[in-house]
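This report refers to the structure that appears directly beneath it.
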Amino acid sequence: DAKTTQPTSMDCAEGRAANLPCNHSTISGNEYVYWYRQIHSQGPQYIIHGLKNNETNEMASLIITEDRKSSTLILPHATLRDTAVYYCIVRLRRYNFNKFYFGSGTKLNVKP
Amino acid sequence: GAVVSQHPSRVICKSGTSVKIECRSLDFQATTMFWYRQFPKQSLMLMATSNEGSKATYEQGVEKDKFLINHASLTLSTLTVTSAHPEDSSFYICSAREPGTLNNYGYTFGSGTRLTVV
């Protein structure tokens with residue numbers, strides 16, 4: 001699986017959009033980008049995933065660059081409860097038993 | 001959606017004893033589950049892949065005799081930390097994926113078990 005690089009931490013004001021970048025320059029054509037988050041002392045929670053196209057769900061939007069070497073997770077209106085560590089993971093989707101390897105993630109601090 | 005339950009959520013044990021952690025898929029069958037360990041302020045580290053009806057496969061550097069994994073049914077995997085030492089104190093998390101689904105939520109994670117060895 002391709003390696004990902006994320007900033008260590010970011011701050012965001014409550015109610016504003018949080019844009020979390022992820023670099024995955026060695027991503028291959030059949031690897032998906034997944035985003036998870038982990039609130040303190042809990043298990044990771046799925047947010048969104050995508051291959052090429054931008055994706056949106058009730059939690060967030062995922063913007064993937066045309067060359068697929070980077071992506072941005074957007075939380076449109078961050079709340080205090082969005083304070084968490086956000087992990088960007090690249091992996092093959094094809095196999096049911098494919099493993100998830102976590103990088104260091106980005107600690108998002110949402111401030112009042 | 002799929003739910004993965006871990007038990008216990010917290011456990012304190014004496015050095016030298018063994019402790020068992022359970023991971024259950026509540027509303028689906030999981031032929032494969034994964035075990036992670038997380039030290040404070042660090043990321044999740046994959047320890048092993050638990051396979052129903054067969055031996056677990058361990059990541060490089062993880063002692064299989066130290067961390068015994070049993071996946072005896074399609075809804076239960078257990079991790080036993082044997083002869084625990086204080087350095088085994090950590091947050092242990094399991095995950096599973098409902099096979100054959102196209103929802104692609106990836107893997108569902110349990111809420112974790114905080115192990116403290118004293």
Notebook entry, point to check: Taking C-beta and beyond as the side chain, do B:L46 and A:F102 meet within less than 4.5 Å on heavy atoms?
Noted result: no
Check: Taking only residues two or more places apart in sequence, or in another chain, which ones meet A:K111 in a salt bridge (Lys or Arg N to Asp or Glu O under 4.0 Å)?
Finding: A:D11
Next item on the list: Please examine the side chains of A:Y101 and B:E59, heavy atoms only from C-beta on, and report whether any two atoms are closer than 4.5 Å.
Entry: yes
Checklist line | Transitive ILVMFWY side-chain link A:L51 to A:Y46, under 4.5 Å | finding: yes
Notebook entry, point to check: B:S43 and A:S104: which non-hydrogen atoms are nearest, and at how many Å?
Noted result: CB-CA, 4.2 Å
Notebook entry, point to check: Do A:I89 and A:Y32 share a hydrophobic cluster, counting only Ile, Leu, Val, Met, Phe, Trp and Tyr and linking them when any side-chain heavy atoms are less than 4.5 Å apart?
Noted result: yes
Checklist line | Among A:G103, A:S41, A:P44, residue most engaged with chain B (heavy-atom pairs, under 4.5 Å) | finding: A:P44
Checklist line | Contacts of residues 67-76 of chain A with chain B (heavy atom under 4.5 Å) | finding: none
Note to self: Starting from B:M47, can I reach B:I69 by hopping between I/L/V/M/F/W/Y residues whose side chains sit under 4.5 Å apart?
What the structure shows: yes
Checklist line | Whether A:Y36 side chain and B:Y107 backbone form a donor-acceptor pair below 3.5 Å | finding: yes
Next item on the list: Kindly check if the number of other-residue, nucleotide or ligand heavy atoms within 6.0 Å of NZ (B:K20) is above 12?
Entry: no
Next item on the list: Could you list which of residues 75-94 of chain B have a heavy atom closer than 4.5 Å to any heavy atom of chain A, in residue-number order?
Entry: B:F91, B:I93
Next item on the list: Pull out the residues in residues 111-118 of chain B that come under 4.5 Å of chain A, heavy atom to heavy atom, sorted by number.
Entry: B:S111, B:R114
Check: A:F100 vs B:F109 aromatic rings, parallel, tilted or perpendicular, using cut-offs 30° and 60°?
Finding: tilted
Notebook entry, point to check: What part of A:Q45 is in contact with chain B, defined as an atom under 4.5 angstrom from a non-hydrogen atom: side chain, backbone, both or neither?
Noted result: neither
Margin query: Would you say A:M10 ends up clustered with A:V110 if hydrophobic residues are merged whenever their side chains have heavy atoms under 4.5 Å apart, either directly or through other cluster members?
Written below: yes
Item checked: Within one Ile-Leu-Val-Met-Phe-Trp-Tyr cluster: B:L68 and B:W35, side-chain cutoff 4.5 Å -> no
